[in-house]
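Heads up: the structure comes next, in structure tokens.
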There are 2 protein chains.
Amino acid sequence: MRPSLKDFKKKALANPEVEKEYLDLAPAYALRKQLIEIRKNAGLTQEELAEILHTKKSNISRLENVNSKISPTLSTIEEYAKAVGYKLQLQFVPQH
Amino acid sequence: MRPSLKDFKKKALANPEVEKEYLDLAPAYALRKQLIEIRKNAGLTQEELAEILHTKKSNISRLENVNSKISPTLSTIEEYAKAVGYKLQLQFVPQH
DNA sequence: GCTTAAGTTATCATATATGATAACAGGGGC
DNA sequence: GCCCCTGTTATCATATATGATAACTTAAGC
């Protein structure tokens, strides 16, 4: 029997309730999921997107990866979004 | 007679139409204006906000300044927003 | 089972954002 | 006029994001 952290995550995220908590928990996680989603919408692989952005697939992976500890710059996110046909909008919403 | 770049900017931004073009032109500019706006809404000076964020007012100025060439990290913006009572929301909107 | 495609992880080099300090500019109040 | 408050700018040191390369995992296809 192998370790099952990945399995756990997969199953947990398949549960809509857990999913929501997961997204609420850390906005950074939500970002990664959105990035992946819009890239897939564009029908691109990490490698293809990397080429458009003149970088390498490993860097795209790092950007999308939930386990990543980096806090990307706005321009990185903006360029990523643009490359897959989206534009980034920022909104500041008052707390409560 | 003194150079009037600042005057020009002040007058230009006072014009609603120019204002809109200005904001459309570069999202980065819009960001700076929003940052200043939410800080003022919180009734804080740069120095007061700097203290909350455990940094210095010169760094806050750099962040807010339109002439700044930096592309801040998401965490920087998030922490700024939180400190003045807002939360940051990211939206990816399809082009056209 | 092998191969290929897609994504991950580790590592290092480089670029850039951030922190700190100091000096300066402008405005308002007195 | 002189302060004080607020924000700006320049500079340097440090932290961190990004780029590049290589090796690895996993799944899908045959």
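Note: hydrogens, waters and symmetry copies are ignored here, and every other heavy atom, side chains too, is used. Residue numbering restarts at 1 for every chain, and letters A, B, ... go by the order of the sequence lines. Predicted model only: the values in this text are computed from it and were never measured.
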- Query: Closer to the 5' end of DNA chain D via nearest nucleotide, is it B:Glu48 or B:Asn59?
  - Reply: B:Glu48

- Message: Between C1' on D:dA20 and CD1 on A:Ile60, what's the gap in Å once rounded to a whole number?
- Response: 13 Å

- Is B:Ser58 touching bases, backbone alone, or none of the nucleic acid, heavy atoms closer than 4.0 Å? base

- Item | Side-chain donor/acceptor of A:Thr55 to backbone N/O of A:Ala50, under 3.5 Å | no

- Item | Length of the CG-P vector between B:Leu74 and C:dA17, whole Å | 13 Å

- Connected via hydrophobic side-chain network under 4.5 Å: A:Leu44 and A:Leu35: yes

- Quick one: A:Glu47 CD to C:dA5 P, roughly how many Å, whole number? 9 Å

- Quick one: the side chain of B:Ser61 and the base of D:dT9, do they pair up donor-acceptor inside 3.5 Å? no

- Query: Between A:Arg39 and A:Glu64, is the closest basic N to carboxylate O distance under 4.0 Å?
  - Reply: yes

- Counting distance only, does the side-chain N/O of B:Thr73 pair as donor-acceptor with the main-chain N or O of A:Thr73 below 3.5 Å? no

- Item | Distance in angstrom units between B:Glu79 CD and C:dG19 P, rounded | 8 Å

- Query: Counting only side-chain N and O atoms of A:Asn65, is one of them less than 4.0 Å from OP1 or OP2 of C:dG7?
  - Reply: no

- A:Val93 side chain reached by B:Leu88 side chain, heavy atoms, under 4.5 Å: no

- Message: Should the side chain of A:Lys56 and the base of D:dG19 be counted as holding a donor-acceptor pair, with the cut-off at 3.5 Å?
- Response: no

- Item | Nearest-angstrom distance from the residue atom CG of B:Leu49 to C1' of D:dT8 | 16 Å

- Query: Roughly, in whole Å, what's the span from CG in B:Leu63 to C1' in D:dT8?
  - Reply: 14 Å

- Task: Provide, to the nearest angstrom, the distance between the OH atom belonging to B:Tyr80 and the C1' atom belonging to C:dG19.
- Result: 17 Å

- Message: Which nucleotide wins on minimum distance to the side chain of B:Thr73, given the candidates C:dA20, D:dG7, C:dA17?
- Response: C:dA17

- Query: Under 4.0 Å: is that the gap between some side-chain N or O of A:Thr55 and OP1 or OP2 of D:dT18?
  - Reply: no

- Task: Return no unless some side-chain N or O of A:Arg39 is found under 4.0 Å from OP1 or OP2 of C:dG7.
- Result: yes

- Task: Report the residue (B:Ser71 or B:Lys57) whose heavy-atom-nearest nucleotide on DNA chain C is the more 5′ of the two.
- Result: B:Ser71

- Note on the structure: Taken to the nearest whole Å, CD/B:Glu64 to C1'/D:dT8 is 11 Å

- Task: Just compare D:dT8, D:dA17, C:dG7 and give me whichever is closest to any side-chain atom of A:Ile70.
- Result: D:dA17

- Query: Does the D:dG19 base have a donor-acceptor partner in the side chain of A:Arg62 within less than 3.5 Å?
  - Reply: yes

